[in-house]
Protein chains: 2
Amino acid sequence: MTGKPRHSWRSIRDSIRQMILDTTYGPGDKLPRDEEFAARFGCARSTVHRAMRDLAESGVVERRRKGGTMVRRDPVTRATLNIPITRLEVEQKGCAYRYQLIRKTVQDTPPAIMANFALPEPRRMLRVEALHLCDEAPYIFEDRWICLETVPEIETVDLEVENANEWLVRNRPYSRCDLRLYARRGTEADRSVLNSAVGDALFVMERTTWIDEAPITSLRAVAHPGYQLFTQG
Amino acid sequence: MTGKPRHSWRSIRDSIRQMILDTTYGPGDKLPRDEEFAARFGCARSTVHRAMRDLAESGVVERRRKGGTMVRRDPVTRATLNIPITRLEVEQKGCAYRYQLIRKTVQDTPPAIMANFALPEPRRMLRVEALHLCDEAPYIFEDRWICLETVPEIETVDLEVENANEWLVRNRPYSRCDLRLYARRGTEADRSVLNSAVGDALFVMERTTWIDEAPITSLRAVAHPGYQLFTQG
DNA sequence: GACATTATTATGTAGCTACATATTAATCTA
DNA sequence: TAGATTAATATGTAGCTACATAATAATGTC
């Protein structure tokens with residue numbers, strides 16, 4: 001036995017995917033309606049729907065009400081990144097975690113942060129610069145902006161002790177998260193914080209989150225030399 | 001109107017998420033059974049199930065048959081990366097794309113590639129080194145290993161013309177994809193291929209795919225200086 | 001012909017029932 | 001007590017119906 005009942009949504013998803021792969025339905029083609037597939041496979045429409053939703057989520061097809069289902073013209077590789085709380089990342093390596101607040105100020109957002117949030121004009125936000133340490137060695141430096149309008153409680157949090165990263169993850173859900181990843185040469189400023197050599201290749205993660213259009217936080221995290229980001233294995 | 005009917009699975013998901021956020025159910029706690037929630041909300045179990053599946057997918061809760069639903073002790077940020085075919089990435093910037101095969105050899109896998117695939121012993125694979133160009137400037141250099149046992153047809157493909165990246169994406173679905181991202185200093189070897197300066201910070205993406213335990217391909221893609229990877233906006 | 005209005009239609013959601021499956025919990029051996 | 005067997009149970013899946021929604025297609029009006 002394959003372990004898949006004849007009409008499982010997985011087997012139907014695989015059949016449809018196979019048809020797409022062998023170009024029974026090529027890129028850009030319109031697929032038959034769910035009902036049509038259900039009749040062909042001899043299963044319920046809901047089962048086809050379940051299969052289609054999975055194909056849509058994984059980027060193989062695109063669905064639109066009334067418009068029907070189309071094979072995506074541009075296949076994409078979708079990978080889910082798991083970005084844990086830094087404390088956990090460090091502790092899972094069996095190392096001691098420490099968090100150190102470096103600076104905390106209230107400022108108007110500079111253009112770069114406004115761009116991240118797509119704000120038309122500057123807004124006063126709390127800027128928190130902090131260092132995550134792994135066995136007392138600099139691990140990740142983060143430069144974070146927190147919107148005081150959306151998250152006023154943050155002013156009452158003692159960020160010397162509590163970690164903005166964790167406080168926000170635990171207290172502020174977000175509905176949208178933009179991520180930008182790139183490499184950057186270490187500068188003199190990095191050297192003093194991350195203990196890196198000038199010219200080291202540093203891995204940078206920029207993350208911006210919203211709750212229903214309202215900005216929450218935007219941060220640039222610069223990792224120590226040698227840092228790697230994985231997908232969930 | 002909020003646009004959400006009282007019993008929509010989204011509104012129920014949001015209610016449950018809210019209860020988790022205000023620590024009605026704290027990290028590690030067990031949630032009531034779906035049926036129990038359904039009775040409380042006055043909706044069907046299937047609706048709670050739909051809501052729970054979404055929460056599980058986004059990493060808020062963990063579900064196990066018979067075990068029930070638990071609030072994840074470690075909140076994670078899950079981000080979906082869209083990795084397009086390089087040709088499309090270049091063309092969407094309005095640039096001209098070109099692909100250039102640099103070398104094509106059959107070799108036994110070195111330890112690093114064996115580790116990526118978790119292979120116990122070396123295997124003969126096709127190694128393809130190629131360059132993606134954007135307006136004739138080096139864009140991404142890829143060093144790819146393709147498993148000849150899993151993908152024998154690759155030997156019949158003219159890789160001078162056809163692009164291994166695209167051929168595989170279009171012809172070989174995968175069931176598992178591991179991703180590793182990091183920054184690396186440009187070396188002398190990079191300089192000659194990517195036209196980068198020695199010491200430049202280069203963004204590296206390593207990707208390994210399988211189809212049901214069988215290795216397909218493992219590649220290291222080194223991007224030109226300044227490259228950025230985004231999440232889908 | 002241009003534009004607003006109204007049908008049509010394919011997907012999306014909500015509700016129900018019944019059964020499958022995986023795991024834990026309980027029970028029965030040896 | 002240890003280990004195997006069996007029961008209990010929460011989630012997962014498959015099937016059905018009915019209606020909602022969004023987007024296109026058709027129609028009507030000027």
Side-chain angles (χ1 to χ4, degrees), chain A residues 1-17 19-20 24-25 27-73 175, chain B residues 1-17 19-20 24-73 175 212:
Chain A
M1 269 299 161
T2 78
K4 289 180 189 170
R6 279 180 298 289
H7 297 329
S8 81
W9 66 266
R10 281 168 219 276
S11 73
I12 283 169
R13 172 198 60 189
D14 293 346
S15 300
I16 296 172
R17 202 207 320 258
M19 286 191 271
I20 292 171
T24 304
Y25 304 106
D29 285 0
K30 193 173 163 184
L31 291 180
R33 324 192 327 260
D34 291 5
E35 257 181 3
E36 167 66 24
F37 267 128
R40 267 195 235 175
F41 287 117
C43 70
R45 174 164 83 91
S46 51
T47 309
V48 175
H49 184 262
R50 183 72 187 82
M52 286 297 196
R53 212 185 40 215
D54 196 72
L55 289 172
E57 268 170 18
S58 60
V60 176
V61 302
E62 221 171 339
R63 312 194 70 185
R64 269 154 62 195
R65 279 180 174 167
K66 163 82 185 177
T69 308
M70 312 257 290
V71 180
R72 276 187 75 119
R73 201 168 266 109
S175 53
Chain B
M1 265 299 160
T2 77
K4 289 180 188 171
R6 277 182 298 290
H7 296 329
S8 81
W9 67 265
R10 282 168 220 275
S11 73
I12 282 169
R13 172 199 61 190
D14 292 345
S15 300
I16 296 173
R17 202 205 324 255
M19 287 192 270
I20 291 170
T24 305
Y25 304 105
D29 284 1
K30 192 173 162 185
L31 292 180
R33 323 191 329 257
D34 291 5
E35 258 181 3
E36 167 66 24
F37 267 127
R40 268 196 234 175
F41 288 116
C43 70
R45 175 163 82 91
S46 50
T47 309
V48 175
H49 183 261
R50 182 74 187 78
M52 285 296 196
R53 213 187 39 217
D54 197 71
L55 290 172
E57 268 170 19
S58 60
V60 176
V61 302
E62 221 171 338
R63 298 180 53 113
R64 271 151 68 191
R65 281 180 173 169
K66 163 80 184 178
T69 307
M70 311 258 289
V71 180
R72 277 186 73 119
R73 199 167 267 110
S175 53
D212 300 330

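Only this structure's heavy atoms are used, side chains among them; waters, hydrogens and symmetry mates stay out. The sequence lines fix the lettering, A, B, ..., with proteins before strands; numbering per chain opens at 1. In this text the structure is predicted, and so the values were computed from the model without any measurement.
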Looking at every non-hydrogen atom in both residues, tell me the closest pair between [X] and [Y] and how far apart they are.
{"X": "B:Pro32", "Y": "B:Arg40", "result": "CG-NH2, 3.3 Å"}
{"X": "B:Met19", "Y": "B:Phe41", "result": "CE-CZ, 3.9 Å"}
{"X": "A:Lys30", "Y": "A:Gly68", "result": "CE-CA, 4.4 Å"}

| query | Applying the side-chain contact (heavy atoms from CB on, under 4.5 Å) test to B:Phe37, which of B:Leu31, B:Thr69, B:Thr47, B:Ile12 qualifies? | reply | B:Leu31

Output the rounded distance in Å from [atom1] ([X]) to [atom2] ([N]).
{"X": "A:Phe37", "N": "C:dA10", "atom1": "CZ", "atom2": "C1'", "result": "14 Å"}
{"X": "B:Ile12", "N": "C:dT13", "atom1": "CD1", "atom2": "P", "result": "13 Å"}
{"X": "B:Met70", "N": "C:dT23", "atom1": "CE", "atom2": "P", "result": "14 Å"}
{"X": "B:Arg50", "N": "C:dC16", "atom1": "CZ", "atom2": "C1'", "result": "18 Å"}

| query | For B:Ser58, what residues pass the side-chain hydrogen bond (donor to acceptor under 3.5 Å, both in side chains) criterion, not counting sequence neighbours? | reply | none

Less than 4.0 angstrom between a side-chain N/O of [X] and OP1 or OP2 of [N], yes or no?
{"X": "A:Thr47", "N": "D:dA14", "answer": "no"}
{"X": "B:Ser46", "N": "C:dG15", "answer": "no"}
{"X": "A:Ser8", "N": "D:dA14", "answer": "yes"}

| How would nucleotides 5-12 of chain D be written as a contact map, 5' to 3', with B for base contact, S for sugar-phosphate-only contact and - for no contact, using protein heavy atoms under 4.0 Å? | ---BBBBB

| task | Can you spot which of B:His49, B:Arg50, B:Arg63 makes a side chain to side chain donor-acceptor pair (under 3.5 Å) with B:Asp34? | result | B:Arg63

